[in-house]
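Single-structure report; data block below.
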Amino acid sequence: MDKYAFPCEPLASPASLVSGPTYRFTLLSQTVLRYEWAEDGVFEDRASTFAINRNFAPPDFTVNDTNDHIEVFTRNFHITYDKRRFSRSGFIIGFPSKVTLWGADWRYGETAKDNLGGTARTLDEVDGRCDMSEGILSRSGFTTLDDSETMLFDGQGFVAPRRSGDRIDGYMFVYGHDYKGAIKAFYDISGRQPALPRWALGNWWSRYHAYSADEYIELMDTFAERDVPLSVAVVDMDWHQVQGDHIPHAGWTGYSWNKELFPNPPEFGKALHDRGLKITLNDHPHGGVHSHEDLYETMAGAIGHDTSKKAPILFNPTDPRFMDAFLSVLHRSIEKEACDFWWIDWQQGPISRIPGLDPLWLLNHFHFQDHVNQNGQGKGIIFSRYAGPGSHRYPVGFSGDSIRTWKSLQFQPEFTATASNIGYGWWSHDIGGHMGGIRDDELATRWVQYGVFSPIFRLHSSNSRWTSKEPWNFRAEHCKAMEHYMQLRHRMVPYLHTANLLGGAEPLVRPLYWEYPAHEEAYEKPNEYFFGPHLIVAPIVEPRNPNTNLASAKVWVPPGRHVDIFTGAIYDGDREIQMYRSIETIPVLAPEGSIIPLDADLLPQNGCMNPTCLEVVIVVGKDGEFTMLEDPQDDFGAKAKPVNGDPTEHRKVRLHYKQSTGRLRISESTKTWKFRFLSVMTIPTTLEVRVAGVVTACSVRIEDMPGTPGLVVQVPVQDSGNKADVEVSLGPDPQLSVLDKSARLMGWLLDLQMEFEVKDKISAAVEGTKPLASKIGGLMSLGLEADYTGPVVELLTADSR
């Protein structure tokens with residue numbers, strides 16, 4: 001099993017230890033303390049599912065040791081301990097941080113107040129909210145994590161349970177309100193999130209339906225004909241034999257292709273690969289391998305199983321021989337035909353033949369290590385449920401079968417962002433909901449829009465003729481919006497993949513309070529979140545008013561001026577505002593200084609390959625930078641990357657914007673460029689473009705239309721193909737334009753379904769040169785509902801200039 005071993009350093013430095021006959025404290029850093037108690041005095045130095053690294057430079061600390069008490073002092077905490085079995089009265093930690101006016105301390109067994117949540121194993125059959133357990137972050141400034149019963153790694157490529165007896169193994173995180181520092185400490189101990197393959201960031205198609213090979217290929221071609229790109233083809237359980245008298249169980253488990261549906265699996269796999277798609281197959285492994293399976297004899301030979309009586313090979317992940325053959329024989333044979341990675345659909349709980357060994361943990365760990373072994377670092381991926389702290393090392397997370405309701409949609413943004421508090425950054429939801437509910441085109445569209453701004457975008461539905469998620473199955477306005485957003489998802493991959501490659505330090509989706517812990521509003525907006533380094537997203541999760549055709553979200557705009565990348569609307573920072581949007585858009589804000597690279601192709605192809613032409617969205621007003629990362633093996637026509645290739649050998653394209661000079665500079669690159677200076681609505685007379693130091697004539701225009709209005713500079717294709725610096729100079733200290741509010745107001749009033757007389761009154765109340773307070777007062781005096789006045793108030797008060 002050595003091939004399943006992984007890098008870890010579980011043995012702490014002796015200089016970090018303070019110990020006695022039955023207790024041991026390990027001061028891992030100024031932020032993290034490990035505390036252990038063992039009745040027999042035997043402590044645990046093996047890696048656990050949570051803690052794989054403990055070898056860090058010892059922090060500064062002092063010890064005061066007497067006969068019956070010991071005290072340990074560090075910069076961030078003060079331990080008082082009576083040398084007995086840990087108890088509320090005998091083991092106390094005090095904190096000097098000024099998180100509260102009255103200070104803070106912790107007694108063993110207590111839970112820190114105001115924990116900000118973690119995540120859950122699954123959203124199966126959840127309609128609305130569920131318990132998200134605890135994460136590492138708490139407004140109290142400290143958190144504990146109990147590691148006493150988790151599975152261990154034996155250092156030889158397999159796993160082991162904990163020793164029996166009375167034992168305590170816990171961790172204390174002490175960070176004040178430095179939430180990002182707390183997550184860094186968590187990742188230091190538990191390992192960082194591995195990078196995903198670039199193609200995983202595109203659109204996934206999934207449906208629980210007994211497709212035939214021809215039907216599936218035809219569907220993929222229909223998506224292509226409609227210019228809707230995909231990157232992953234998910235095939236649910238009906239790829240294998242499910243029904244028949246020869247199957248001795250319920251049929252959920254299976255490892256033999258259903259040849260009536262897939263007569264030639266290798267041909268099916270090649271057809272999908274030729275279309276730029278990766279393939280994942282559903283696997284319910286609980287039933288084991290029975291005698292009717294094509295690979296029964298092969299699997300039996302690999303583990304020495306007696307086949308004389310056709311006895312089934314029971315699923316036993318606690319047996320190293322079984323686990324190795326399960327992956328390298330059974331699954332490998334199917335992978336060679338038509339499978340790039342596996343959807344591990346384990347639903348049978350945490351109990352195995354050996355107490356303490358969770359089958360889901362075993363499946364996730366060994367499947368992922370096997371995939372890395374086959375494909376190299378940075379190319380590993382599985383698709384499975386969350387198993388507990390440490391699960392972030394095995395992306396991607398399958399959140400299960402949610403209910404198709406507004407309540408489910410309303411919870412998923414918060415659920416996804418909160419999961420980052422336990423380091424889990426790659427949730428994939430059943431976008432649009434899986435089961436139950438009703439047909440609601442607006443709900444489906446808003447779910448797609450949220451899904452595009454979630455970690456993994458995967459459409460999915462139940463085995464019903466009415467619930468499939470092809471965009472063209474919905475009414476025209478909803479189809480148009482869905483297809484546009486799915487195109488946008490692939491256009492965003494240059495931005496997303498850079499965040500992915502840097503995601504070992506921070507997840508793609510993060511709660512607002514990570515950046516703004518001192519702002520109460522950041523805690524009050526759980527559905528609003530950071531998406532990568534430069535975007536803030538507030539999904540629409542409520543139905544629209546049929547008369548205004550608008551839905552809304554209550555948004556906190558963080559300090560500093562921000563621009564909505566879809567509407568160009570400009571908002572003053574550090575304020576709450578109700579934002580109203582039509583079905584075509586949701587609030588997505590970028591602060592001044594943002595640089596967002598996109599694929600310039602409005603109709604991108606399958607597979608998410610590196611684009612040759614990029615559109616860069618820039619928000620002027622502050623300095624900004626973005627270093628885009630690419631793997632050259634993701635270029636069109638590139639050969640496969642060697643196994644265990646160095647994932648750090650990425651191509652870097654540096655984009656740097658200097659506000660004082662108004663100059664955007666791109667480091668050496670062979671790409672073609674289109675620049676969009678968002679909400680800059682005049683062409684500067686000082687505009688100049690240089691390519692390789694030479695002034696170059698470009699296409700320059702102002703676009704003021706639905707979408708992303710602003711100044712557009714199109715650099716011509718360079719014939720040489722050589723690397724060249726590109727500079728765009730707007731002139732000193734350019735500013736976002738003050739937008740024409742009257743034109744936008746008229747556009748909204750025109751669409752408003754109400755009496756013309758009332759429209760006239762709204763217009764009269766807010767037009768002209770009256771002071772803002774007078775306009776707002778006049779509008780409020782009309783006595784209209786908030787759905788009618790709110791969009792006008794948003795427009796009038798967004799930008800105070």
Exercise. With ring centroids as reference points, do F95 and F142 lie under 6.0 angstrom apart?
Worked result: yes

Exercise. Nearest heavy-atom pair of R207 and S468: which atoms, and what distance?
Worked result: CD-OG, 3.3 Å

Exercise. Would you say the side chains of Y187 and R192 form a donor-acceptor pair under 3.5 Å?
Worked result: no

Exercise. Does a side chain donor of either H284 or Q347 reach within less than 3.5 Å of an acceptor in the other side chain?
Worked result: yes

Problem set entry | Short side-chain donor-acceptor distance under 3.5 Å, S399 and H429 | yes

Exercise. Centroid-to-centroid, F50 to Y171, below 6.0 Å?
Worked result: yes

Seminar exercise, completed: Rounded to the nearest 0.5 Å, the NZ atom of K407 sits from the OG1 atom of T405 at a distance of 6.0 Å

For this session: Would you tell me whether D440 and W406 have side-chain atoms, one donor and one acceptor, within less than 3.5 Å of each other?
Result: yes

Exercise. Are E483 and W472 linked by a side-chain donor-acceptor pair shorter than 3.5 Å?
Worked result: no

For this session: Verify the ring-centre separation between W239 and Y211: is it less than 6.0 angstrom?
Result: no

Exercise. Are the charged groups of D178 and K180 less than 4.0 angstrom apart, N to O?
Worked result: no

For this session: Write down the atom of P558, the atom of H562, and the distance for their closest heavy-atom approach.
Result: O-CE1, 3.3 Å

Exercise. If you measure only the distance, is there a donor-acceptor pair under 3.5 Å linking the side chains of R393 and S190?
Worked result: yes

Exercise. When you measure from the side chain of R404 to the backbone N and O of G436, does any donor-acceptor pair fall under 3.5 Å?
Worked result: yes

Exercise. Do F223 and W205 have their ring centres less than 6.0 Å from each other?
Worked result: yes

Problem set entry | Minimal non-hydrogen separation, E576 against K554, with atom names | OE1-CE, 3.4 Å

Problem set entry | Closest heavy-atom pair and its distance - F153, I52 | CE1-CG2, 4.4 Å

Problem set entry | Geometric cation-pi criterion R139 and Y513, 6.0 Å radius, 45° cone | no

Exercise. When rounded to the nearest 0.5 angstrom, what is the spacing between CZ in F398 and CG in D401?
Worked result: 5.0 Å

Exercise. Crowded around E524 CD? As in, over 12 foreign heavy atoms under 6.0 Å?
Worked result: yes

For this session: May I ask you to check whether over 12 heavy atoms, not counting those of R475, lie within 6.0 Å of atom CZ?
Result: no

Problem set entry | Pair F186 + H392: ring centers closer than 6.0 Å | yes

Exercise. Will you find, in the side chains of T548 and D787, an N or O donor that is under 3.5 Å from an N or O acceptor?
Worked result: no

Exercise. If we ignore angles and hydrogens, is there a donor and acceptor under 3.5 Å between the side chains of S420 and R510?
Worked result: no

Problem set entry | H286/W346 aromatic ring centres below 6.0 Å | yes

For this session: Run the numbers on Y571 and E794 for side chain to side chain donor-acceptor pair (under 3.5 Å), then give the verdict.
Result: CA-CA 9 Å; Y571 298 91; E794 177 191 355; 2.5 Å; yes

Problem set entry | Contact summary for L409 and R446, nearest pair of heavy atoms | CD2-CB, 4.0 Å

For this session: Say whether S206 and W343, considering side chains only, have a donor N or O and an acceptor N or O under 3.5 Å apart.
Result: no

Problem set entry | Residues N500 and H497: side-chain donor-acceptor under 3.5 angstrom | yes

Problem set entry | Heavy-atom donor-acceptor pair, S408 side chain to D127 backbone, under 3.5 Å | no

Problem set entry | Ring centroid separation W204 to F341 under 6.0 Å | yes

Exercise. Looking only at side chains, do S402 and D430 share a donor and an acceptor under 3.5 Å apart?
Worked result: no

Exercise. Got a salt bridge between E414 and R129, using NZ or NE/NH1/NH2 to carboxylate O under 4.0 Å?
Worked result: yes

Exercise. Do T445 and Y485 meet the criterion of a side-chain donor-acceptor pair at a distance under 3.5 Å?
Worked result: no

For this session: Return yes if a side-chain donor-acceptor contact under 3.5 Å exists between S138 and Y179, otherwise no.
Result: no

For this session: Using modelled atom types only, decide if a donor and an acceptor are shared between the side chain of S140 and the backbone of K113 within a distance under 3.5 Å.
Result: yes

Exercise. Would you call the rings of H365 and F6 parallel, tilted or perpendicular, where under 30° means parallel and over 60° means perpendicular?
Worked result: perpendicular

Exercise. If only atom types and distance count, is the side chain of S133 paired as donor or acceptor with the main-chain N or O of G118 below 3.5 Å?
Worked result: no

Exercise. Cut-off 3.5 Å, side chains only: do Y394 and Q369 have a donor facing an acceptor?
Worked result: no

For this session: Examine distances only and state if a side-chain atom of N115 and a backbone atom of G135 form a donor-acceptor pair shorter than 3.5 Å.
Result: yes

Exercise. N421 and T418: side-chain donor and acceptor closer than 3.5 Å?
Worked result: no

Exercise. In terms of side-chain geometry, is the basic nitrogen of R385 or D345 positioned less than 4.0 Å from the acidic oxygen of its partner?
Worked result: yes

